[in-house]
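Step one of this worksheet: look at the structure below.
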Protein chains: 2
Amino acid sequence: MAKNARNTLSPDLPRALPAPGVSQAPNAIMPMCAACEIREFTFCSALHDEELGHLQAIVRQVRMAPQQMLFQEGDDAGNVYNILGGILKLYKLLPDGRRQITGFVHQGDFLGIAASGIYSYSAEAVTEVALCRFPRRQLYLLFDRFPKLEGRLLGIATDELTAAQDQMLLLGRKTAAEKLASFLLALGHRMNGDGGEDKPIPVPMTRGDVADYLGLTVETVSRTLSRLKKSGLIEISEAHRITITQFDALQDIAEGF
Amino acid sequence: MAKNARNTLSPDLPRALPAPGVSQAPNAIMPMCAACEIREFTFCSALHDEELGHLQAIVRQVRMAPQQMLFQEGDDAGNVYNILGGILKLYKLLPDGRRQITGFVHQGDFLGIAASGIYSYSAEAVTEVALCRFPRRQLYLLFDRFPKLEGRLLGIATDELTAAQDQMLLLGRKTAAEKLASFLLALGHRMNGDGGEDKPIPVPMTRGDVADYLGLTVETVSRTLSRLKKSGLIEISEAHRITITQFDALQDIAEGF
DNA sequence: CGTGGCTTTGAATTACATCAAACCTTGTGG
DNA sequence: CCACAAGGTTTGATGTAATTCAAAGCCACG
């Protein structure tokens with residue numbers, strides 16, 4: 001009955017509207033930064049309303065269908081992005097196809113920062129996605145004039161680094177159950193905000209995606225979720241809709257107690 | 001005969017000398033930034049010679065013995081550091097003692113950046129260590145005046161993020177042999193520079209440290225190294241001195257071919 | 001209504017962990 | 001200078017969590 005969430009247009013999708021009456025290429029719309037609902041969550045909030053024109057001048061909005069690639073590992077890193085809505089997965093591959101998803105990015109997240117001029121991972125849409133695209137060189141030119149932009153990006157990078165270290169602990173030292181408990185809690189927090197006990201969590205990614213994020217196989221993910229369900233910690237009404245029914249117990253598992 | 005590298009004073013240790021004739025607390029020396037040999041590898045190089053006084057005014061040099069803690073996860077993040085010499089390990093713990101080492105930091109590396117005002121990991125000296133300590137608040141005050149500092153830190157954070165993603169791929173998807181091959185190649189590059197075939201790599205950390213870095217056990221690390229040795233890819237003259245004898249073959253393993 | 005992809009479950013296998021013990025190195029004190 | 005204690009390392013035997021192989025069920029879509 002319920003549709004697969006991956007093919008559902010996310011309700012949180014378009015926030016910055018195109019300027020009315022301006023003809024636009026269908027896939028690259030100029031958004032209205034001043035009206036952007038998520039501005040305060042992004043680096044854009046480093047600029048005041050009256051400075052915003054400098055960002056608006058270089059940004060374009062793009063939309064993606066599920067499974068569409070935004071860029072691939074090895075591509076020239078020409079752009080950086082803010083996610084307006086939807087979810088993308090970032091991943092790296094080994095030559096034989098083994099895949100590690102290094103993160104899922106959500107509304108308000110920043111994406112595409114690259115040490116060299118080359119993306120070090122691939123980015124693919126999980127759901128429908130809308131994002132703001134900034135040409136990297138043009139954005140970096142603004143750093144001289146608005147150093148606060150750089151400061152915001154440093155803050156974002158620092159947060160990501162902390163998250164990456166948590167994920168290393170998870171990948172290197174947690175059991176399958178601990179990994180899934182951690183994942184569900186983090187996803188619940190991201191999708192529903194804090195204190196999301198008993199509110200169903202949309203899980204738009206496939207079991208395979210979850211497996212590749214947690215360093216497991218599809219089967220282990222499925223089995224471990226079934227076991228958590230049988231233990232009464234979670235409910236799985238549909239495969240892509242999971243409810244945490246014992247928040248504290250799940251948290252204890254996630255943290256290794 | 002040869003001493004354990006862990007207890008050897010690293011030959012690369014002290015670079016920035018204390019001002020002569022100035023009395024100093026034994027454990028907090030004011031270094032001479034202008035004479036610093038590794039300045040160009042650190043964020044300090046964002047400032048010109050004539051601006052360097054602003055850094056010099058807030059920096060203190062500290063030294064550590066092996067196994068000494070620099071800070072612990074959860075401590076108030078009062079300082080950030082540049083490594084002058086020696087090696088530290090950064091790690092996170094689970095309540096039952098399981099440990100994940102998230103990185104080893106070496107000469108020229110930056111350390112202590114924290115999203116909140118709290119360190120999210122612990123830092124402990126592996127060898128003797130010398131570092132420059134900067135009070136975080138005072139350093140951040142300089143950002144307004146010298147935004148280029150922030151730019152350098154962003155670059156550093158970006159590089160670390162890329163490394164963290166590589167490590168996630170390693171932890172989540174590589175086999176024990178692939179993990180150790182990757183580790184040895186990276187360590188060799190760090191200790192000996194590029195093209196270090198046939199030059200012994202000092203491995204100052206214990207097998208336990210390596211295990212906790214790669215998400216393995218001590219025994220698996222030891223066994224896997226023995227196997228690589230028997231296959232003729234590496235030589236282990238002493239436990240803490242390993243030579244890569246077949247660089248290309250090891251690289252193929254490391255990358256999953 | 002049939003096809004393809006995703007999910008779940010079961011059975012067999014395996015890479016790595018755990019348990020155990022010997023060995024080696026380094027530092028200590030007699 | 002030697003004996004020995006304490007860690008660290010290596011190797012062997014055994015156990016197990018997670019993978020692999022296999023197949024059935026489910027759902028969404030053409």
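Labels below follow one simple rule: chain letters A, B, ... track the order of the sequence lines, proteins then strands, and each chain is numbered from 1.
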Of the nucleotides [options], which has the atom closest to the [X] side chain?
X: A:T206; options: C:dC6, C:dA11, C:dA17; answer: C:dC6
X: A:T175; options: C:dA17, D:dA18, C:dT9; answer: D:dA18
X: B:H240; options: D:dT10, D:dG8, D:dT11; answer: D:dG8
X: B:A176; options: D:dT10, C:dC16, D:dT19; answer: C:dC16
X: A:E219; options: C:dT7, D:dG8, C:dT9; answer: C:dT9
X: A:A239; options: D:dT9, C:dC6, C:dT8; answer: C:dT8
X: B:S222; options: D:dT11, C:dT9, D:dT19; answer: D:dT11

Task: Axial bend angle, the helix from C:dC1-D:dG30 to C:dG30-D:dC1: five-pair end segments, nearest 10° - done: 30°
TODO: Could you tell me whether B:L225 contacts a base, only the sugar-phosphate backbone, or nothing, with contacts defined as non-hydrogen atoms closer than 4.0 Å?
DONE: nothing
TODO: Figure out the NZ/P separation between A:K174 and C:dA17, and round it to whole Å.
DONE: 18 Å
Identify all side-chain donor-acceptor contacts of residues 80-90 of chain A below 3.5 Å with residues at least two apart in sequence or on another chain.
from	atom 1	to	atom 2	distance (Å)
A:K89	NZ	A:D209	OD1	2.9
A:K89	NZ	A:D209	OD2	3.2

- [ ] Anything under 30° is parallel, anything over 60° is perpendicular, the rest tilted; go ahead and classify B:F183 against B:F104.
- [x] tilted
